[in-house]
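Below, chains carry the letters A, B, ... as their sequence lines are ordered, and counting in each starts from 1.
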Amino acid sequence: MQPGQNKRVKMPERPAQERIKDFNEVALGLSEKDAISEAKRCIQCKNPKCVSNCPVEINIPAFIKLIAESDFKGANKKIRGKNSLPAVCGRVCPQEDQCEKTCILGIKGEPIAIGSLERFAAEYPPSETPVPIKLVGPKVAIIGSGPAGLTCAGDLALKGYQVKIFESLHTAGGVLKYGIPEFRLPKSIVDNEIEYVKSLGVELITDFLAGKTATIEELFKENFKAIFIGAGAGLPNSLGIPGENFQGVYSANEFLFRVNMMKAYKFPEYLTPVITGKKVVVFGAGNVAMDSARCALRLGADKVIIAYRRSRKEMPARAEEIIRAEEEGVEFLLLTAPVEIIPDDAGRVKQVELLKMELGEPDSSGRRRPKALPGSEFKLDCDLAICAIGNSPNPLIPKSTADLKIEKWGGVIVADNKETSIKGVFAGGDIVRGAATVISAMGDGKIAARSIDEMLSKK
Amino acid sequence: MGFKILRKEQLASNIHFIEVDAPRIAKAAKPGQFVVLRINENGERIPLTIADKNIKNGTIEIIFQEAGASTTILSKLKAGDSILNILGPLGEPSHIENIGSVVVIGGGVGIAEIFPAIKEYKAKGNKVTAIIGARNKQLLLTEEKIKNMADELLIATDDGSYGRKGFVTDILKEMIEDKKEINLVYAVGPVPMMEAVSNVTKAAKIKTMVSLNTLMLDATGMCGVCRITVGGQIKFACVDGPEFDAHLVDFKELKTRLSTYRDKEKEAIDHICSLDKIKE
């Protein structure tokens, strides 16, 4: 391939009929040949627009050049200098809205497949086994081991701080583990990334719920000089319709937590059960809704319907995830909102009543507001209903930390440098933004690490 | 790795006591709080109430009944074994202040969970009457401990093998009929018992708190499996509870939600039994 060539490489995928039978990864990654060929398409802009649209500032042309030269380990090292989680970002970043969106080649043809190349480079870690480093700098506590926390921890460890991550669940990774399914992000890959961060000298404590096991104030008494809160947006929004508490009505969090985190798809070998519906309705149309629908299919559903109150254009999920869901047989019921969950005699969901909508004037988000069409109610049989209509910031830490200022909707308020209303306490990721992206959380972790370093090196 | 079991005792045919090394939890735990534990890599996350704690030794005590696959596996662990994960203390602590005369009721394995509350009510200067009830004498757990802490202990057994024959609610009703001063009732036990207590005190207009044993998963406010309607609003037992005003709790909904996985529980127990057979 020549620099500037229009046609980009496509990553091979397993066929839909095969992949819905298991939880193994759907996208298969680029071959060496395809990766080199795609990398050679890059025109190596002097003023690369892709980099300015990357929240963690990866030197994209540089790592692509190394791939083109077949120096895959070099490419890996180049990315790792800025991004501790390339194998994750290569898979789940919305590149089409970030680096690839501003790629110059995208104007006339197709942008470079930066995400696919990042994923490719992530397969080639440096050959020298990292020696655990004895860190001697001031102690920093990181709350939560999701993308924000892991990034902040990694960056601070590289600067010599003694970093301890406190994770409430039994394993690290946060939303990368409990939220995103195996077929989109294999858990062994997340574990590899976590091992990398640990190899930098970061200590990981699981089973520690900040605000309960110990408060922020108590952590300062344990001689931590700065604290970063990356506790995520774990609180599921509810529909607010009658019947939501009947059996067989899940929040997407609960459904995905059972399936991804507890491996309920291997029940009873793994002891956590999950309801496996034959007719499944998922409310919402973001990535979490797509993930839920596709998990339900893999658990043996005959029919999975995504009901969404706006039109296809407004669906917040990544385009490639919508396409994959569709290929696998997920059906979309657009301009439709739930009204009521109807149970059988045993209190188990039997039907859901829905209502047709039309789009009106744009709302504060710029999307056209859905309006109900009176009299258009209809019922749909289902034995599993999953609500994937968003999450709010986890309120546990604000509740137990008197001086921590939050927005009305629950988000922790931070300055540009990510410092909160409490001196020495920083925050980032979904607990600040509400449910957003992995990469924006990582960007926040990075800025917070820089601010913590500035604060502590001044002393 | 994990949390070491330092002491284990069998209290009744299917009820067990464990004391576990968990210094951080012991330090932070308050009455009414619980932990979520996962025994091993394949395990579920299950909630269990903290029955007592010892800050000096850095331990917590848990009393549990073999009810499903996980508690059956837990019952087979011995002193020296470890539990892979324990998270806690979880939930809002009991809101305990001086209000006068308090009746604390424990039913079944719930008896083992009322001691921390009794101790705290006493510490705040209340007069505490404890009522405990179970199917038979063998199931009256921690009776001595409660007797030594409460001002008065009243006992009911279903079969009349000890104390009076009948239910804890029979004793409570008599106290109300006798116009005994009761400012608050606090009840822990099986759902039908808590509901029965609630019905009695609702009629008598006595404020009543119950500790709900909902299903749980992460137990940090994330999944909502523990959600329950209280006074018309959805609450999460893991972070808003586990204690709620009994007169506002939708017990019917609670029972429905608790029975969600009944068939799966049987399947899980069969699975672990078959594994045991293979081992033998």
Side-chain angles (χ1 to χ4, degrees), chain A residues 167-171 175 178-179 205-215 218 231-238 240 244-258 261-264 266-276 343 346-348 387 391-392 394-396 399, chain B residues 2-3 22 24-25 27-29 33 35-46 68-70 73 84-92 217-225 227-229 234 236 239 250 252-257 259-261 263-265 267-272 274-275:
Chain A
E167 164 60 46
S168 69
L169 298 175
H170 56 258
T171 170
V175 72
Y178 71 76
I205 311 285
T206 54
D207 301 307
F208 184 106
L209 181 58
K212 289 289 181 188
T213 311
T215 59
E218 286 163 337
L235 181 71
N237 297 340
S238 66
E244 251 183 296
N245 292 350
F246 287 118
Q247 285 183 25
V249 186
Y250 276 137
S251 71
N253 278 5
E254 181 183 353
F255 181 63
L256 293 174
F257 197 100
R258 285 181 186 277
M261 190 76 166
M262 306 309 295
K263 300 194 168 66
K266 294 184 184 172
F267 178 87
E269 182 198 344
Y270 283 76
L271 284 173
T272 305
V274 66
I275 296 171
T276 51
R348 184 162 219 135
C387 309
N391 286 304
S392 299
N394 197 320
L396 259 180
K399 238 168 115 179
Chain B
F3 296 77
R24 273 203 185 265
I25 302 174
K27 192 173 157 221
Q33 291 190 298
V35 293
V36 156
L37 60 82
R38 190 178 76 128
I39 301 167
N40 53 37
E41 239 358 279
N42 297 13
E44 300 173 86
R45 294 169 64 95
I46 55 165
S70 294
I73 296 170
L84 189 54
N85 305 99
I86 305 184
L87 174 66
L90 300 170
E92 284 293 307
L217 206 53
D218 64 279
T220 64
M222 266 174 47
C223 79
V225 64
R227 67 189 185 272
I228 180 75
T229 305
I234 293 181
F236 285 7
V239 288
D250 185 338
K252 186 174 173 232
E253 181 183 277
L254 178 63
K255 282 184 257 185
T256 306
R257 292 190 64 78
S259 68
T260 303
Y261 296 104
D263 52 335
K264 299 270 186 188
E265 278 163 22
E267 206 182 316
I269 288 178
D270 289 346
H271 174 74
I272 60 155
S274 68
L275 287 184

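Of the listed residues (B:Gly224, B:Ala69, B:Gly221, B:Ala28), the greatest number of heavy-atom pairs within a distance under 4.5 Å of chain A belongs to B:Gly221. Per-residue counts of heavy-atom pairs under 4.5 Å with chain B were compared for A:Glu218, A:Arg258, A:Met262; the largest is that of A:Arg258. Top candidate by heavy-atom pairs under 4.5 Å with chain A, chosen from B:Ile25, B:Leu90, B:Ile234, is B:Ile234. The candidate from A:Pro236, A:Gly347, A:Ser251 with the greatest count of non-hydrogen atom pairs under 4.5 Å with chain B is A:Pro236. In terms of heavy-atom pairs under 4.5 Å with chain A, the best-connected choice from B:Glu41, B:Gln33, B:Met222, B:Glu44 is B:Met222. Highest contact tally toward chain B, considering only A:Thr215, A:Ile275, A:Leu256, is held by A:Ile275 [criterion: heavy-atom pairs under 4.5 Å].
Contact annotation for A:Lys399: only side-chain heavy atoms (C-beta onward) come within less than 4.5 Å of a heavy atom of chain B. For B:Ile272, the part sitting under 4.5 Å from any heavy atom of chain A is the side chain, from C-beta outward, and nothing else. Only the backbone of A:Phe246 comes within less than 4.5 Å of a heavy atom of chain B; no side-chain atom from C-beta onward does. The contact between A:Lys212 and chain B is made by backbone and side chain atoms together, counting heavy-atom distances below 4.5 Å. For a residue to count as touching a neighbouring chain, one of its non-hydrogen atoms must lie under 4.5 Å from one of that chain's; by this rule A:Leu209 touches chain B with backbone and side chain alike. With a 4.5 Å cut-off on non-hydrogen atoms, A:Ala346 touches chain B through its backbone but not through its side chain. Of the atoms belonging to A:Val249, heavy atoms from both backbone and side chain fall under 4.5 Å from chain B.
In the displayed structure, B:Lys255 atom NZ is contacted under 6.0 Å by more than 12 heavy atoms of other residues, nucleotides or ligands.
Here B:Leu37 contributes atom CG and B:Ile39 contributes atom CD1; the two are 6.0 Å apart, rounded to the nearest 0.5 Å. Here CG of A:Leu235 is found 5.5 Å from CZ of B:Phe236. Values are rounded to the nearest 0.5 Å.
Taking each heavy atom of A:Thr206 and A:His170 in turn, the nearest pair found is CG2-O, 3.7 Å.
Within the 3.5 Å criterion, the main-chain N or O of A:Ala210 finds no donor-acceptor partner in the side chain of A:Thr213. B:Arg38 places no side-chain N or O within donor-acceptor distance of the main-chain N or O of B:Arg45, the cut-off being under 3.5 Å.
Using modelled atom types and a 3.5 Å distance limit, the side chains of B:Arg227 and A:Asn245 yield a donor-acceptor pair.
Between A:Leu169 and A:Phe257, the closest side-chain pair of non-hydrogen atoms falls below 4.5 Å.
Looking at residues two or more places apart in sequence or on another chain, you find a side chain to side chain donor-acceptor pair (under 3.5 Å) between A:Arg348 and A:Gln247.
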